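Only this structure's heavy atoms are used, side chains among them; waters, hydrogens and symmetry mates stay out. The structure presented is a predicted model; accordingly, all values stated were derived computationally and were not measured.
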Amino acid sequence: MPELPEVEVVRRGLERWVSGRIVADTSVLHPRAVRRHIAGGEDFGARLKGHRIGLAQRRGKYLWLPLADSATAVLAHLGMSGQLLVQPQDATDEKHLRIRVRFEDALGTELRFVDQRTFGGLSLHETSPDGLPDVIAHIARDPLDPLFDDDAFHEALRRRRTTVKRALLDQSLISGVGNIYADEALWRARLHYERPTTGFTRPRTAELLGHVRDVMNAALAVGGTSFDSLYVNVNGESGYFDRSLDAYGREGEPCRRCGTVMRRRPWMNRSSYFCPRCQRPPRAVS
DNA sequence: AACCGCACCTGGACGC
DNA sequence: TGCGTCCAGGTGCGGT
């Protein structure tokens, strides 16, 4: 479900409501939610207990909470339907509550990981000297990271024998982009999703990256994209960017630029939305 | 080494 | 009402 802007909204919420607190007790209510924590749910809880939570971090769609005085961090991925909520301790359990974390203080709130489809989860990992959990070393920096290297991205794009949307979704090339923001950025750049990346010029890459950043920043400014109650911030509130989408989910509606009816095409077991006039397919594919 | 396709889940919307 | 089908914002793994 969530892409970079939605995950960043959650990170900010964790920083505000969770960072600095000391873990008391953790309960894992569904084993799949900790499947990346090989030692299991009991071990997961035991290792968190007594540790102070550091500043919440993010790379792409991954979030992590460093544990103070240890070279470890709680890594979180929301998958398609995961939520991290800060709830009053006495609030009724959500139907898909998977993990609960209570704290030593008297603030009266707890952290809950709620996840309908169980594609997401929490796990504890060693962190490298730069603070990155070891298991996400293969995840590229995201386009809002000041250290993202535009030139290296361009060179990598040209080396790949792939198409532009596949490249945008490849988290080892550029992280944080998912199906929604890929379609939005491609619409803004007037690029068809099957356009090969091999022939990309430097200006074309620069323009595409500019659109990726613009659309993500615009989404961030209004709290992210929510089609339903599945995506919410830590307080359970939805974002409003769904009202601003130009491509994603607009099959049958007029292109906001040229009025042509927008199309949807099955693509890699999901969908691609595009304007058939503004985003012409490459000749070889058509 | 790259690249592709699929498995991993639950549930809502829709057609019959 | 119920059943089948399709669809959903992601990732990692195995096979080629």
For A:Asn269, check side-chain hydrogen bond (donor to acceptor under 3.5 Å, both in side chains) against everything at least two apart and list the hits.
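A:Asn269: no side-chain hydrogen bond (donor to acceptor under 3.5 Å, both in side chains) contacts found.
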
Go through the structure and list residues passing side-chain hydrogen bond (donor to acceptor under 3.5 Å, both in side chains) with A:Tyr181, not counting sequence neighbours.
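Only A:Glu6, A:Thr225 meet the side-chain hydrogen bond (donor to acceptor under 3.5 Å, both in side chains) criterion with A:Tyr181.
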
Holding to salt bridge (Lys or Arg N to Asp or Glu O under 4.0 Å), I want the full list of residues that pass it with A:Glu110, two or more places apart in sequence or in another chain.
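Counting only residues at least two positions away or on another chain, A:Glu110 forms a salt bridge (Lys or Arg N to Asp or Glu O under 4.0 Å) with A:Arg100, A:Arg102, A:Arg112.
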
Just to be sure I follow the notation: if a pair is Watson-Crick (purine N1 to pyrimidine N3 plus N6-O4 or O6-N4) or a G-U wobble (N1-O2 and O6-N3), each under 3.5 Å, what dot-bracket string does DNA chain C give, with | for pairs to another strand?
.|||||||.|||||||

Write down the protein N/O and nucleotide N/O pairs, taken from nucleotides 5-7 of chain C, whose separation is under 3.5 Å; answer none if there are no such pairs.
{"residue": "C:dC7", "atom": "OP1", "partner": "A:Arg264", "partner atom": "NH2", "Å": "3.4"}

Would you be so kind as to tabulate the donor-acceptor pairs closer than 3.5 Å made by side chains of residues 127-135 of chain A, with sequence neighbours excluded?
{"residue": "A:Thr127", "atom": "OG1", "partner": "A:Ala71", "partner atom": "O", "Å": "3.0"}
{"residue": "A:Ser128", "atom": "OG", "partner": "A:Asp130", "partner atom": "OD1", "Å": "2.5"}
{"residue": "A:Ser128", "atom": "OG", "partner": "A:Leu132", "partner atom": "O", "Å": "3.2"}
{"residue": "A:Asp130", "atom": "OD1", "partner": "A:Leu132", "partner atom": "N", "Å": "3.1"}

Per the ring-ring contact (aromatic ring centres under 6.0 Å, His included) rule, what does the pair list look like for [range], sequence neighbours excluded?
| range | value |
| --- | --- |
| residues 81-107 of chain A | none |
| residues 61-95 of chain A | A:Tyr62-A:His77 |
| residues 127-176 of chain A | A:Phe148-A:Phe153 |

Which parts of residues 33-45 of chain A get close to DNA chain B, meaning a heavy atom less than 4.0 angstrom away?
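Correct list: empty, so none.
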
Tell me what A:Arg270 touches on the nucleic acid: a base, only sugar-phosphate, or nothing, going by heavy atoms under 4.0 Å.
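Counting heavy atoms under 4.0 Å across all strands, the contact made by A:Arg270 includes a base.
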
Does A:Gln171 have a side-chain nitrogen or oxygen under 4.0 Å from the phosphate oxygens OP1 or OP2 of C:dG10?
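Looking at the OP1 and OP2 atoms of C:dG10, neither is under 4.0 Å from any side-chain N or O of A:Gln171.
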
Atom pairs, protein N/O to nucleotides 7-11 of chain B N/O, distance under 3.5 Å:
{"residue": "B:dC8", "atom": "O3'", "partner": "A:Arg32", "partner atom": "NH1", "Å": "3.3"}
{"residue": "B:dC9", "atom": "O2", "partner": "A:Arg117", "partner atom": "NE", "Å": "3.0"}
{"residue": "B:dC9", "atom": "N3", "partner": "A:Arg117", "partner atom": "NH2", "Å": "3.3"}
{"residue": "B:dT10", "atom": "O2", "partner": "A:Gln116", "partner atom": "OE1", "Å": "2.8"}
{"residue": "B:dG11", "atom": "OP1", "partner": "A:Lys95", "partner atom": "NZ", "Å": "3.2"}
{"residue": "B:dG11", "atom": "OP1", "partner": "A:His96", "partner atom": "NE2", "Å": "3.3"}
{"residue": "B:dG11", "atom": "O4'", "partner": "A:Gln116", "partner atom": "OE1", "Å": "3.3"}

Tabulate protein N/O versus nucleotide N/O from nucleotides 13-15 of chain C, keeping only pairs under 3.5 Å, one per line.
none

